[in-house]
There are 2 protein chains.
Amino acid sequence: MEKQSVTIYTVAREARVSMATVSRVVNGNPNVKPATRQKVLDVIKKLNYRPNAVARGLASKKTTTVGVVIPEITNAYFAELAQGIDDIATMYKYNIVLTNTDVGGQKTVQVVRGLLAKQVDGIIYMGRDVSDELREELDSSTVPVVVAGSVTNDDKLPTVRIDYRNATRQAVERLVNAIHEPVAMVVGAKNRKIYTDYYLKGYQEALKNTGMNFDDQLVFEANESYDQAYKLAPAILQCGAKAAFVTGDDMAAGLLNGLTDAGIKVPNEFQIISGHDTKETRLVRPMLTSITQPLYDIGAVSMRLLTKLMDKKDQNAADESDVLLEHGFSVRQSTR
Amino acid sequence: MEKQSVTIYTVAREARVSMATVSRVVNGNPNVKPATRQKVLDVIKKLNYRPNAVARGLASKKTTTVGVVIPEITNAYFAELAQGIDDIATMYKYNIVLTNTDVGGQKTVQVVRGLLAKQVDGIIYMGRDVSDELREELDSSTVPVVVAGSVTNDDKLPTVRIDYRNATRQAVERLVNAIHEPVAMVVGAKNRKIYTDYYLKGYQEALKNTGMNFDDQLVFEANESYDQAYKLAPAILQCGAKAAFVTGDDMAAGLLNGLTDAGIKVPNEFQIISGHDTKETRLVRPMLTSITQPLYDIGAVSMRLLTKLMDKKDQNAADESDVLLEHGFSVRQSTR
DNA sequence: ATGAAAGCGCTAACAG
DNA sequence: CTGTTAGCGCTTTCAT
């Protein structure tokens with residue numbers, strides 16, 4: 001009956017040593033005579049002993065677990081970032097628990113609260129802007145947080161990303177220079193910091209540099225959704241734009257297909273540059289020209305930064321609080 | 001300094017009650033006088049007390065956490081299943097921790113071991129076949145496991161899925177009946193139970209029913225990969241097939257694009273039916289005709305089943321050990 | 001190099 | 001309705 005009831009005490013008794021010694025062996029503490037170590041190891045194997053991570057966490061106040069919060073698991077962008085996070089976490093012996101907050105973001109506070117209750121040692125946040133409630137939650141804990149592949153309205157949070165403003169500017173400039181006609185921009189939502197301080201700024205700079213006028217009517221919101229972007233196609237056409245920079249790939253694919261299905265030829269009649277460089281850019285036809293991002297690296301660097309933050313030693317690691325990775329462009333078929 | 005050092009004891013003292021009472025309030029135990037409850041609640045708020053899930057888990061031997069193991073987080077199929085799992089888990093107050101095993105699957109044992117060490121109350125497994133090592137791990141624990149959206153070589157594991165054999169048969173029959181020419185099949189790997197007992201059987205049945213001959217040369221492996229399927233296009237053409245049933249959407253998209261880029265017109269010169277019905281089927285052009293699966297429901301039902309298994313009361317819940325959900329077909333543009 | 005003992009923060013009988 | 005008392009399984013000083 002009593003399955004898995006073999007504890008550190010069982011092992012200790014069987015090996016005729018103290019719990020402390022077993023603990024040392026399990027944790028690789030060098031202060032154990034080789035013979036003793038071997039004896040304990042044998043018993044562990046024989047009894048099939050598995051340390052209980054919960055008990056360990058309670059006693060040591062460390063769980064070697066980091067929480068990763070993702071807004072939508074079905075979005076390839078986050079999935080690709082998660083890959084980098086995962087690898088580095090494994091490398092540093094951290095377990096990761098991925099949690100999904102769902103599009104709306106109301107669940108975000110709950111999710112983070114849950115992570116904190118579980119005593120994670122750190123958090124990688126890929127969510128939307130930080131609500132007051134969430135900030136309060138974060139403030140009342142000492143767990144380090146790093147933002148990966150985004151920026152939030154919370155400047156105190158260390159961040160790993162590309163230079164969104166610059167990338168946006170370059171993308172839009174390319175488009176304007178290619179067609180000398182109005183260029184639209186499609187973003188997830190306008191009420192986020194990443195829009196107001198990065199996408200919008202970059203867009204306006206590009207317009208200014210190329211002698212175009214800014215018109216708010218040319219900026220569309222599609223809630224990161226394929227379907228919404230798809231439906232936006234007529235409106236975007238209507239506004240006179242002959243090209244668009246789209247911040248996310250789901251939306252870019254939606255717009256592309258919406259235009260194509262409406263009989264518009266991309267790139268001849270309309271050009272698109274996408275922003276995320278996930279595999280979706282290569283799935284659709286014509287393939288999407290895109291800003292290239294080192295997605296895997298962004299995840300990896302975030303996690304690495306987090307490990308430093310968790311080893312308080314590197315408290316100055318917090319200085320690297322806004323890491324910018326290089327971006328580029330991959331010209332595919334949605335531009336000429 | 002001492003942030004977050006407010007424990008149940010702190011609250012108890014401040015509220016002038018015992019720890020037990022605080023515990024009762026926190027856990028919604030009705031045996032507390034309303035006045036007392038309110039007093040405790042006030043202190044909790046004032047002190048911003050957060051129960052420590054680790055301590056709770058140790059004391060109660062339940063973590064209200066279930067582990068979800070995914071082979072590749074970047075695969076939309078799993079992401080969509082995860083959504084259903086997540087919702088039901090939330091509904092039943094379970095936390096879920098998603099873990100990625102990475103394509104190869106060698107990490108699987110590690111991942112499951114980690115989950116078990118964390119004392120999860122249950123596991124939803126979406127992985128590949130169960131290795132001996134993994135089975136041993138599972139056997140030595142009492143944690144219930146349910147397989148979602150797949151089948152494994154472990155018959156003892158309860159499973160929620162569609163009828164793969166039948167769906168495959170129908171898909172292949174459609175194809176054969178439409179063209180009366182050889183129909184290929186593209187699968188992830190041939191050495192898995194889901195292939196030998198389901199896809200292959202269904203394929204062979206369809207062939208038999210339509211009077212075609214089985215030829216192993218017409219079955220291709222693409223390791224669930226877009227790129228591999230893309231590269232397979234010439235070989236598939238070469239073997240004389242004029243249509244293919246592809247078990248996964250990534251592969252189907254790869255094949256489709258591979259063919260298209262090779263100048264083959266889909267569906268006029270070659271037809272494709274895909275098997276997963278993720279959003280990718282609608283991303284590509286022509287859109288992929290596909291078996292439809294209630295992805296969300298598969299996830300949801302799996303999780304529901306797991307909750308029953310975790311409440312030992314429903315021990316007979318294990319009887320529903322192979323739940324089949326209805327599938328269908330969505331005819332899009334890759335077939336005529 | 002090893003052991004004894006005191007918790008980690010909470011739940012769960014058991015009393016009352 | 002409320003408090004007391006044991007632990008849960010492990011880590012961690014502090015001795016030895």
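Order of the sequence lines fixes the chain letters, A, B, ..., with proteins taken first and strands second; residue numbering starts at 1 for each chain. Side chains included, hydrogens not; waters and symmetry mates left out as well; all remaining heavy atoms used.
Going from atom CD of A/Q119 over to atom C1' of C/dC8 covers 10 Å, rounded to whole Å. If you measure from atom NZ of B/K118 to atom P of D/dC8, you get 23 Å, rounded to the nearest angstrom. Straight-line distance from the CG atom of B/N29 to the C1' atom of C/dA13: 13 Å, rounded to whole Å. Following rounding to the nearest Å, B/I44 (CD1) and C/dC10 (P) show an atom-to-atom distance of 10 Å. Atom CD1 of B/I8 and atom C1' of C/dT11 are 8 Å apart (whole Å). In this structure, B/L58 atom CG and D/dT11 atom C1' are separated by 12 Å, rounded to whole Å. Atom C1' of nucleotide C/dA1 and atom CD of A/Q38 are separated by 17 Å, given to the nearest angstrom. Between the CG atom of B/N31 and the P atom of C/dG16 there is a distance of 18 Å, given to the nearest Å.
Between the CZ atom in A/R128 and the CD atom in A/E72 there is a gap of 5.0 Å [rounded to 0.5 Å]. For the atom pair CD1 of A/I88 and CD1 of A/I96, the computed distance is 11.5 Å after rounding to the nearest 0.5 Å.
When the side-chain nitrogen and oxygen atoms of B/Y49 are compared with OP1 and OP2 of C/dC10, one or more of them lie within a distance under 4.0 Å. The phosphate of C/dC10 has neither OP1 nor OP2 within less than 4.0 Å of any side-chain N or O from B/N52. Residue B/S23 has a polar side-chain atom (N or O) positioned under 4.0 Å from OP1 or OP2 of C/dT11. Dashed line: the shortest gap from a side-chain N or O of A/R56 to OP1 or OP2 of D/dT11 is under 4.0 Å. One finds a side-chain N or O of A/N27 lying less than 4.0 angstrom from the OP1 or OP2 phosphate oxygen of D/dT11. A close approach under 4.0 Å does not occur between any side-chain nitrogen or oxygen of A/T21 and OP1 or OP2 of C/dT2. For D/dG9, one of the phosphate oxygens OP1 or OP2 lies less than 4.0 angstrom from a side-chain nitrogen or oxygen of B/K61.
A salt bridge does not link A/D129 with A/R135: every distance from a Lys NZ or Arg NE/NH1/NH2 to an Asp or Glu carboxylate oxygen is 4.0 Å or more. Between B/R50 and A/E137 a salt bridge is recorded (basic side-chain N to carboxylate O distance below 4.0 Å).
Across C/dC8, C/dA4, C/dC10, the shortest atom-to-atom separation from the side chain of A/S18 is found for C/dA4. Taking the side chain of A/A20 as heavy atoms from C-beta on, and the options D/dT2, C/dC10, D/dT12, the nearest nucleotide is D/dT12. Comparing C/dG9, C/dA4, C/dC10 against the side chain of B/P51 picks out C/dC10 as the nearest.
Nucleic acid contact class of B/V26 (heavy atoms, under 4.0 Å, all strands): none. Residue contacts shown for A/V17 are limited to sugar-phosphate atoms, with no base heavy atom under 4.0 Å away. Contact annotation for A/S60: backbone-only contact, meaning every heavy-atom pair under 4.0 Å involves sugar-phosphate atoms and none involves a base.
When each of B/R16 and B/A55 is assigned the nucleotide of DNA chain D bearing its nearest heavy atom, the one mapping closer to the 5' terminus is B/R16.
Of all heavy-atom pairs spanning A/A82 and B/I73, the tightest one is CB-CD1, 4.0 Å.
Side-chain to base pairing of B/R24 with D/dG3: one donor and one acceptor N or O lie within less than 3.5 Å of each other.
Within 6.0 Å of atom CD in B/Q38, more than 12 heavy atoms from other residues, nucleotides or ligands are found, so the atom counts as buried in its surroundings.
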